Number of protein chains: 2
Amino acid sequence: MSHYMQNRSMLDFRTDPSTPAGLPQTVDRALRILLAFDRESPEWGVTEISRAFGLHTSTAQRLLAALTHRGFLVRDDSSRRYRIGPAALYLGRVWDQVGALGLLAQPVLDELAAFTGQNILFALPDSAHMRTVLVAEGEHGRLRDYPMVNELYPAHAGATSKAYYAFLPFAQRKRLFIDRPLARFTANTATDLGRLERQFAQVRARGWAYTEGEYDEGVATLAVPVFLREEPYASLSVGWPKERLGEHPSDWVDALCSASERISLRLTHRGR
Amino acid sequence: MSHYMQNRSMLDFRTDPSTPAGLPQTVDRALRILLAFDRESPEWGVTEISRAFGLHTSTAQRLLAALTHRGFLVRDDSSRRYRIGPAALYLGRVWDQVGALGLLAQPVLDELAAFTGQNILFALPDSAHMRTVLVAEGEHGRLRDYPMVNELYPAHAGATSKAYYAFLPFAQRKRLFIDRPLARFTANTATDLGRLERQFAQVRARGWAYTEGEYDEGVATLAVPVFLREEPYASLSVGWPKERLGEHPSDWVDALCSASERISLRLTHRGR
DNA sequence: CTCCTATTTTGCATATAGTGGGACATTCTT
DNA sequence: AAGAATGTCCCACTATATGCAAAATAGGAG
């Protein structure tokens, strides 16, 4: 297991308490407050915020009101507590619509494609599948050979899916596979839940997934997860036609891992 | 066509230029600047921002830097222009993870369910389908009769899908239906592209969709679109078993439309 | 290549504008 | 009903964001 997965919970833009000199401190405080609304603590009162950030209640109250005025928070009038507001939905849609993910990650994929010479794939989970959202073409792999944007791969077949779903909490993964038979695509597809779970365990132990023709008969794939803070977020993979097996796949593990980490860093607004 | 669809582009939290007295103006400026990054203008320079908001370049520069420092924007060093940052992705995920949509919309659905006595459904588009994300149970409709959360309905069958897909730009809708045969679910399912497109046109003209047993044989559905700013965002519908047809469906059109509008208002941070 | 223009960045003095203290109001507890 | 905790409002003060001006950098034209 490569080293990069240890420090996923480092300091990032959410938790760093310092306001760099010269920047409007009021704005920075407001943004830090906004980022405090997460899954673990989705609701905050004025006093809680003031304590958590060492501010006067008066100040906290005004900052919360300012965030609320633009829809970043909403206030429940009966409980007087604040929650995340519709501007969060709006920003998330803008992120998608302008293809911001691509602007951040594509350069990393392109480097990988140049390094390996093979096609690179970036895929996001989508209802018990992985959906390719970014691709980079390597010199030895014409895109027609293999992946296109917006293709779907089932959760139980192929390294791309395995690298992601292996790191989902067991309860969530289980829910995906009960009541649905595991379709067989090739002779290598695991159609037995026990065997599949053992494969996932191996992927977790190694930190990467390698499959040969589990979904597409002639294709070998090497994949690693991409993390967003503590959670698996996406999957990054190299794919190549099996007959060109020459290169030893483990040669690319390090490159994939370091690319995955760079993307993670960018997605949490650390490293460039 | 009911009246509510006229004023979709009213003033909302994004465009209102006034900072209410007592609120920290710096914060409000920063948030307004952040909201200026949308699909139409995804990139801004310091001067552009300063002109658009009537600020000194110096001020604009510091506010942009503050937003960047917390990951809400990213700066392209070569062009010195700013784009939306990964904090937008983060906030969007928080919005989803804490079920903020439900907190905003569920009360409206519950009222509708009480008013109509039937089951109410709120569905979001999901790769050529509609996925139910919120339901409310009416006294005459046990949930078992009809909808559950997380069910999928194909884009070409049933009022729930029609109300949404009718308002997609033609080019986008077309892409969903080419190369895929339209599956037939019942005798009423439209499997011909021309006929389907005429149905969409009718939905647009009326502002609502009504179908009987196009997907589930025994079910009648009345649905309206929910808009987010200018774009269709979701679908809101009443469903009931056809044998209880007694009530005239058009009685519920107004209630559905006004509920849809209330949800829209909340999603753009106007009305309560 | 050099000059010119447009844009961005930095430093600093000023006064605007955010802050914290505290009083008042409200809600929840016991 | 009394007390505790939380939220809101108002005001004086000075911390802090601002505008100015100059320097630095980039881009375009000749």
Side-chain angles (χ1 to χ4, degrees), chain A residues 16-37 41-85 103 269 272, chain B residues 16-37 41-85 103 269 272:
Chain A
D16 179 2
S18 64
T19 308
L23 296 187
Q25 142 192 102
T26 317
V27 173
D28 195 58
R29 284 174 170 175
L31 297 180
R32 272 163 56 208
I33 289 175
L34 176 56
L35 291 169
F37 289 76
S41 16
E43 289 203 356
W44 294 80
V46 173
T47 314
E48 290 173 274
I49 289 286
S50 77
R51 274 202 277 265
F53 291 88
L55 303 173
H56 197 98
T57 51
S58 181
T59 307
Q61 134 92 350
R62 275 185 306 252
L63 294 177
L64 287 167
L67 287 163
T68 303
H69 178 246
R70 292 291 166 189
F72 287 84
L73 299 176
V74 288
R75 203 182 95 119
D76 179 8
D77 286 318
S78 61
S79 71
R80 293 148 156 227
R81 313 195 74 204
Y82 294 82
R83 296 185 278 105
I84 196 84
L103 294 171
H269 192 61
R272 44 138 274 99
Chain B
D16 178 2
S18 65
T19 307
L23 296 187
Q25 133 192 113
T26 315
V27 173
D28 196 58
R29 284 175 169 172
L31 297 180
R32 274 162 55 207
I33 289 175
L34 176 56
L35 292 168
F37 289 77
S41 14
E43 289 203 356
W44 294 79
V46 173
T47 313
E48 289 173 273
I49 288 286
S50 78
R51 274 201 277 266
F53 291 87
L55 303 173
H56 199 110
T57 51
S58 182
T59 306
Q61 135 89 355
R62 274 183 305 250
L63 294 177
L64 288 167
L67 287 162
T68 303
H69 177 245
R70 292 292 166 187
F72 287 84
L73 300 176
V74 288
R75 203 183 96 119
D76 180 10
D77 286 319
S78 62
S79 72
R80 295 150 156 223
R81 304 180 57 111
Y82 294 82
R83 297 185 278 104
I84 197 83
L103 294 170
H269 193 61
R272 42 138 273 97

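The model shown is predicted, which means the values in this text are computed figures rather than measured ones. Note: hydrogens, waters and symmetry copies are ignored here, and every other heavy atom, side chains too, is used. Convention: sequence-line order gives letters A, B, ...; per-chain numbering from 1.
- Distance CG (A/L63) to P (C/dA17): 17 Å, rounded to an integer number of Å.
- Among the nucleotides D/dG7, C/dG20, D/dA17, the one closest to any side-chain atom of A/V46 is D/dG7.
- Mapping A/R62 and A/T47 onto DNA chain D by nearest heavy atom places A/T47 at the nucleotide closer to the 5' end.
- Per the geometry, CG belonging to B/L23 stands 17 Å off C1' belonging to D/dA17, to the nearest Å.
- Distance from the side chain of A/R75 is smallest for D/dG7 among the nucleotides C/dG22, C/dT19, D/dG7.
- Comparing C/dG18, D/dT8, C/dT19 by their nearest atom to the side chain of A/Y82 picks out D/dT8.
- Taking atom CG on B/L64 and atom P on D/dT18, their separation rounds to 12 Å, with Å as the unit.
- Taken from OG1 in B/T59 to CZ in B/F53, the straight-line distance is 13.0 Å, to the nearest 0.5 Å.
- Checking D/dG19, C/dT26, D/dC9 against the side-chain heavy atoms of A/R80 singles out C/dT26 as nearest.
- Going from atom OG1 of B/T26 over to atom CG of A/D28 covers 12.5 Å, rounded to the nearest 0.5 Å.
- For A/H56, counting side-chain heavy atoms from C-beta on, the closest listed nucleotide (C/dG22, D/dG7, C/dT9) is C/dG22.
- Between D/dA17 and B/R29, no contact under 4.0 Å exists linking OP1 or OP2 to a side-chain N or O.
- Among the nucleotides D/dT16, C/dG20, D/dC20, the one closest to the side chain of A/S58 is C/dG20.
- The side-chain heavy atoms of B/F72 and B/I33, taken from C-beta on, include no pair separated by under 4.5 Å.
- No donor-acceptor contact under 3.5 angstrom links the side chains of A/R51 and A/T47, judged on distance only.
- For the pair B/L67 CG and D/dA17 P, the interatomic distance rounds to 14 Å; values are reported in whole Å.
- One N or O on the side chain of B/R81 and one on the backbone of B/E43 form a donor-acceptor pair closer than 3.5 Å.
- Rounded to an integer number of Å, the gap from CZ of A/F53 to P of C/dT19 is 14 Å.
- Each of A/V27 and B/S79 has a nearest nucleotide on DNA chain D; the 5'-most of these lies closest to A/V27.
- Side-chain proximity of B/Q61 to the nucleotides C/dT10, D/dG7, C/dG20 is greatest for C/dT10.
- Within the model, atoms CD1 of A/I49 and OG1 of A/T57 stand 12.5 Å from one another, a figure rounded to the nearest 0.5 Å.
- Remark: P of C/dT26 and CG of A/D76 are 19 Å apart, rounded to the nearest angstrom.
- Whole-Å rounding puts the A/R81 CZ to D/dA5 C1' distance at 13 Å.
- For A/T26, the side-chain atoms get nearest to C/dT19 when compared with the rest of C/dT26, D/dT18, C/dT19.
- Note on B/R51: only backbone sugar-phosphate atoms sit closer than 4.0 angstrom, heavy atoms only; bases stay farther off.
- Following rounding to the nearest Å, B/D77 (CG) and D/dG27 (P) show an atom-to-atom distance of 12 Å.
- Mapping A/T57 and B/E48 onto DNA chain C by nearest heavy atom places B/E48 at the nucleotide closer to the 5' end.
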